[in-house]
Each structure stands twice: as C-alpha cells, then as structure tokens.
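See structure below.
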2 protein chains.
Amino acid sequence: MTGPATGHEADRTGLPDVGGKDAPQARRPRVQKNVTTALGLDICSERYPVGSVLPRESDLCEMYGVSRTVVRESLKILATKGLLHSRPRVGTVVCDKAEWNLLDAQILEWMGPRIQDLDLLGCILETRRTVEPVAAEFAAERASVQEIADLEAAWTRMRDAGTDTEAFTRADVQFHEILLKASHNQVFRQLSSIIHAGLMYSLHRSNEVIDHRDEALAIHRDLVEALRLRDKAAARAASHRMLDTAVRDLAPALRGRRQDADGA
Amino acid sequence: MTGPATGHEADRTGLPDVGGKDAPQARRPRVQKNVTTALGLDICSERYPVGSVLPRESDLCEMYGVSRTVVRESLKILATKGLLHSRPRVGTVVCDKAEWNLLDAQILEWMGPRIQDLDLLGCILETRRTVEPVAAEFAAERASVQEIADLEAAWTRMRDAGTDTEAFTRADVQFHEILLKASHNQVFRQLSSIIHAGLMYSLHRSNEVIDHRDEALAIHRDLVEALRLRDKAAARAASHRMLDTAVRDLAPALRGRRQDADGA
DNA sequence: TCCTGTATTCGTCATACTATTTTTGAATTA
DNA sequence: TAATTCAAAAATAGTATGACGAATACAGGA
C-alpha cells in the first residue's frame, strides 16, 4: 500500500542487470530466476569448481541481497539438475560433472562456449550421427502433414535468411528440432536440447561460408522431399549427407579429441 | 515399502501439537523427499491429470502436515523436472507430457507400470536399437580395462543368479549401464536412466524363461569378449543379436503400437 | 585410540507482506 | 439497452524475516 519504494536499501549486488538507481518503478522481476542463473553460471564456469563448497546460505543471501527463501529454492533447482548436493554442517558442494544433467537446456546455455570442453562437441556429433538418420527414417513414415509443413517453413526461413547468418542458423536448428519431434519418438525428442546447443556452436561457423549454405539448403530440401514421399531410404540418405558435411566442417574444431581411455 | 498410500490424509509425522507418542527412531527423515515423492506419484499416476491445477500451496501444507517451505521446494523440484508450472493467482498446473523430462530417473520410477502408456516402451526399444550397437562399437575401442572387468563382473552375477529372476535382471540392467558408460560418450550415458527403466519392465518377463536366460548369457559373454579383443564389428554384432532377442520377447507386450500420425 | 561434547550448517516451521493476474463491476459510450 | 472500457478488488504464488531443530564434522578429553 502507498508504495513505500524507499525501503529495502539492501544492495542486491552481484546480479548482472540494473544497478542501484532508485528509478521509477524499479520492479524486480523474478529475483529467483536471476539468482539461479547467477549461481548456475558460476558453477558451469568453474568459478565454483567441482568438489568445492559454496558459501553458506546466509552468505549467499547477503551476496545477492535476497532472502534465504530465494537462495534455498535456487539451490534446490540446481540440485535437481545434478549440479549441487547439500548436506548439513558440510555445506553445498558442486557435484562431479558425471552427474550433471547434460540434456538440460539451461545448463547447456550456462556452459556457453565451454561446451567445447569435456569432449561435449564430439559427443554431440556422435549422437547426431547415431540418432538423426534413424529419426529421419521414422519421420518418413510417421510425420504428420503439419510437421512436414513446419519443416518446409523452417527451410524457407533458411533460404530467405540472406546474409543474416544468425537467422540462418536459428532456422537450421529449428529444422533439426522439428525433425526430431516428427520422429514421434519421445526419447529422441528429449535430445533436442543438447543437439540444439551443439548445432548453435557449430553451425554458426560453417554457415558463414556461402558455399556451405547452398549445399546445406539443397540437402535439407531433399530431406523434406523424402519425407513428403514417405521414402525412408531417401530420408536416411539425406540425413547422412547432412551429417557428413557437419563432420567435415567441424573437423578443425575437433582437433585432437582426447582419448581418455584410462580410468581417472 | 512401495506403500501405495496415495491417500492425501497421509499420517504425516509429528504434528506440532499432540506429539503424544514419540515413536522409536522413526524421527522424520526427509520430510521434503516424502512430499516430493507423494506429489510426483500423484502427478505421474494422473491423479492430477495434465492441465489440472493442484490444490493451492496452503492447502497442500495442511494435506501433508508440513510447512509451506517444504511444499514450495517440492513444487520447485517437480517444476524443474518439467512436471509443473506455477503462476500467481492461477495456481500450479500440471504441464503437458511433452515437457516432462522423461530421462529423469525419479519420474520413470514414479510412472512405474504406466511406462507402457505413451508408447514409452516402444520408444525405449527403438532408442536401444539405435544407440546400443553404436555404444558397443565405441566401447570396443574406448573401454578401460576396469570397465571391461566391471562388465564381466556383472555378467558373472547374471550367471550366478540361479533361479533368482530379480537378481538376474538387476545384473542385466547393470551390464547395459556399464556398457553405456564404457562408450565414453556423455550423451549416451545420460540415456542410462531411461534404458534402465525400460529394461526393468521388459527383461523381468523375458528372463523368466530359462532358455532365454541361457541365450542371453551367451550373447552377453560374446559382447564382453569382443570388447576385450577390441573388435568393433563383433561388439556391434553381439549388441544387435541382444536387441533382436529383446524385440522378439517384447513383441507381445508391444501389440498394436498405435500410430498417432495425426496431430492431437 | 576411542569416545563425547560442541559448534556449524542445512532443514523445517511460522508469519507477514509483496507482486501479479484474474475477476468483477461500475462507469462510459454507441 | 447493450456492448465496451477501465479501474478496483480478490486470490494466489513470490519474497522476506526470524526462530528453532537436526545432522554431522571437528576438537578435546578419557
């Protein structure tokens, strides 16, 4: 009531956005989300390395200028994603990366370019080569007309992107996500997030070369055509060709994939 | 345990008052976890169908006899898993199943036998047929000696299970999880949970037939041998044979997989 | 060496207040 | 009168605060 905007001078520092400035309606939208994101970024960027202990909850409250409720719920979210593990007296520790939910879209976003660590880019490419041709085959016999239309729409957006590499890549990623959905296999669809992340960091570069774009356009069109004709073999073949170009374009980025065959 | 006890009036532990009987060491272990599990079960069992709104938080507090803190953090966990979505004034609604994180071990556990709905069993089998042979191939060239030893240990447990179908199935599932891990592909490893769930509900039946068990034992041994020899082709072949028997055994259970080609 | 007590930290509870959004209903207009 | 607009109200999740309980690592004594 009567908006006493003056109170709460609690300096909510640490958050990436707006500063103190007691501007007009300094509405604070989703404090929760901001804290979760800040902590998630700090963990994924190894600012809090694996095995390390986070500041205790009351300290985090001070650091971010929020209540313990918010901090705890944020920690709960991150724990659910496999990043953290809290225990009384010992504190909140960062889990081993093997427990991270790598298929979580937010984690992948927080990792950003670090996705190249951990062999993730290579793993994702292997996964695509394993799954996508099969998904294309399934889509050939199961895709709805609506889904095929959506695929074509994505293709059109690719074609019309012109010199906008960003837009081209976005449409390209959407194409692959629709394809996975059109496979009508729920497990495949769960892979959308990680393939999305992998594509975003690999397509962007290869799509900068105009020749590659034309080639990609042609192959994508072939795939849509194969789906329309319900031609499983052709769909699979088109997907294979697509991935061959991906392997070729990513070869330099994957230089020296490490073979950590030995136990740590 | 597995107490169905889906009753909402469940006898929560230790009400604030009337604490009359201080039971043995039953204390109250993990109130949080209990509430989360109860809500998760109620959602996965469609007691709260997709699109329905849950009771408001204060009501849930009464129903489970816990504080709002616990209820909220439980809801937060379930929301992170994609089951729920909360908004002020409107309440907490159950998300569409397409948003559920099907690779989450807990969700799969909560679904229990309902895993047969939604075509999940079929999807999992398709995923196995797509991924496992490739994983076996990768494992042939990347598995550590320790991992191969672990695989053999699992195989030994299968062999020595005798008439204990439960133990045999458990070892069988472990075998496949180790195999995925040995592929040294982090994305493949994330599929462990769902393959685990799929196997638990399919192997158990097929392993009841003694002939199938002997056959399975032989094929699993062949796979281990192939890994030891670093023979990719043989590993892939063994995996394929394994899955062929799985398809054969599951055929009756998958009767009439529905082809929902149309958009719902 | 083993045991016990203590300090620290997360886990839970309780209450109050804020923010957001749906709903309602009155005022306005065609 | 009927439809429209807009502002006030009601309801619910979101946040803040403070207190206490429970679990456990650690230190000190037997």
Side-chain angles (χ1 to χ4, degrees), chain A residues 1-12 15 24-39 51-80 83-95, chain B residues 12-19 22-39 52-80 83-95:
Chain A
M1 57 179 72
T2 71
T6 55
H8 311 86
E9 79 292 3
D11 148 71
R12 61 186 100 278
L15 295 192
Q25 68 294 16
R27 37 195 297 212
R28 45 185 162 170
R30 303 195 223 301
V31 180
Q32 166 96 52
K33 204 169 179 178
N34 287 343
V35 175
T36 307
T37 300
L39 285 172
S52 67
V53 147
L54 269 64
R56 61 168 171 275
E57 294 176 353
S58 57
D59 285 345
L60 289 173
C61 294
E62 268 191 59
M63 291 164 64
Y64 292 107
V66 297
S67 71
R68 202 169 151 225
T69 309
V70 170
V71 167
R72 277 189 58 80
E73 292 190 357
S74 290
L75 293 177
K76 219 71 182 177
I77 291 174
L78 296 175
T80 304
L83 295 179
L84 299 174
H85 179 49
S86 296
R87 276 167 44 196
R89 162 71 202 193
V90 61
T92 305
V93 304
V94 179
C95 290
Chain B
R12 49 262 173 218
T13 51
L15 253 294
D17 56 357
V18 244
D22 55 327
Q25 277 64 359
R27 284 293 149 252
R28 56 188 151 167
R30 316 261 179 265
V31 179
Q32 168 94 53
K33 204 168 180 181
N34 289 343
V35 174
T36 307
T37 300
L39 285 172
S52 66
V53 316
L54 271 62
R56 61 163 108 75
E57 294 177 352
S58 57
D59 284 346
L60 289 174
C61 294
E62 266 190 60
M63 291 160 66
Y64 293 105
V66 297
S67 72
R68 204 169 150 223
T69 308
V70 170
V71 166
R72 277 189 58 79
E73 292 189 357
S74 289
L75 293 177
K76 219 71 181 178
I77 290 173
L78 297 175
T80 304
L83 295 179
L84 299 175
H85 178 50
S86 294
R87 275 168 47 200
R89 165 72 201 193
V90 63
T92 304
V93 304
V94 179
C95 290

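Chain letters run A, B, ... following the sequence lines, proteins first and then strands; every chain starts at 1.
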Is there a side-chain polar atom (N or O) of A:Arg87 under 4.0 Å from OP1 or OP2 of C:dG11?
no
A:Val93: which residues meet the side-chain contact (heavy atoms from CB on, under 4.5 Å) condition with it, sequence neighbours left out?
A:Val53, A:His85
Nearest-Å distance, CG (B:Asn34) to P (C:dT12)?
10 Å
Sequence neighbours excluded, which residues qualify as side-chain hydrogen bond (donor to acceptor under 3.5 Å, both in side chains) partners of A:Ser58?
A:Arg56
I'd like to check the salt bridge (charged side-chain N to carboxylate O under 4.0 Å, His left out) partners of A:Arg89; sequence neighbours left out, ordered by chain and number.
none
Where along residues 67-76 of chain B does a heavy atom fall under 4.0 Å from DNA chain C?
B:Ser67, B:Arg68, B:Thr69, B:Val70
Could you tell me which residues satisfy side-chain hydrogen bond (donor to acceptor under 3.5 Å, both in side chains) with A:Glu57, sequence neighbours excluded, listed by chain and number?
A:Arg68, A:Arg72
Heavy-atom side-chain contact between B:Val94 and B:Leu54 under 4.5 Å
yes
Name all residues meeting the side-chain contact (heavy atoms from CB on, under 4.5 Å) criterion together with B:Ser67; count only those two or more places apart in sequence or in a different chain, and write none if there are none.
B:Thr69, B:Val70
Who passes salt bridge (charged side-chain N to carboxylate O under 4.0 Å, His left out) against A:Arg87, sequence neighbours left out?
none
With sequence neighbours left out, the residues meeting side-chain contact (heavy atoms from CB on, under 4.5 Å) with B:Ser86 are B:Thr92
Please enumerate all residues that pass side-chain hydrogen bond (donor to acceptor under 3.5 Å, both in side chains) together with A:Asp59, with sequence neighbours excluded.
none
Separation of D:dT15 atom P from A:Lys33 atom NZ, nearest Å, is 12 Å
Using whole Å, report how far CD of A:Glu57 lies from P of D:dT17.
16 Å
Terminal axis angle for the helix from C:dT1-D:dA30 to C:dA30-D:dT1, five pairs an end, nearest 10 degrees:
10°
Sequence neighbours excluded, which residues qualify as side-chain contact (heavy atoms from CB on, under 4.5 Å) partners of A:Pro88?
none
Provide, to the nearest angstrom, the distance between the OH atom belonging to B:Tyr64 and the C1' atom belonging to C:dC13.
19 Å
Quick check: do B:Leu39 and B:Leu84 have side-chain heavy atoms less than 4.5 Å from each other?
no
Give the B/S/- string for nucleotides 5-11 of chain D, one per nucleotide from 5' to 3', where a protein heavy atom under 4.0 Å of the base yields B, of only the sugar-phosphate yields S, and otherwise -.
-----BB
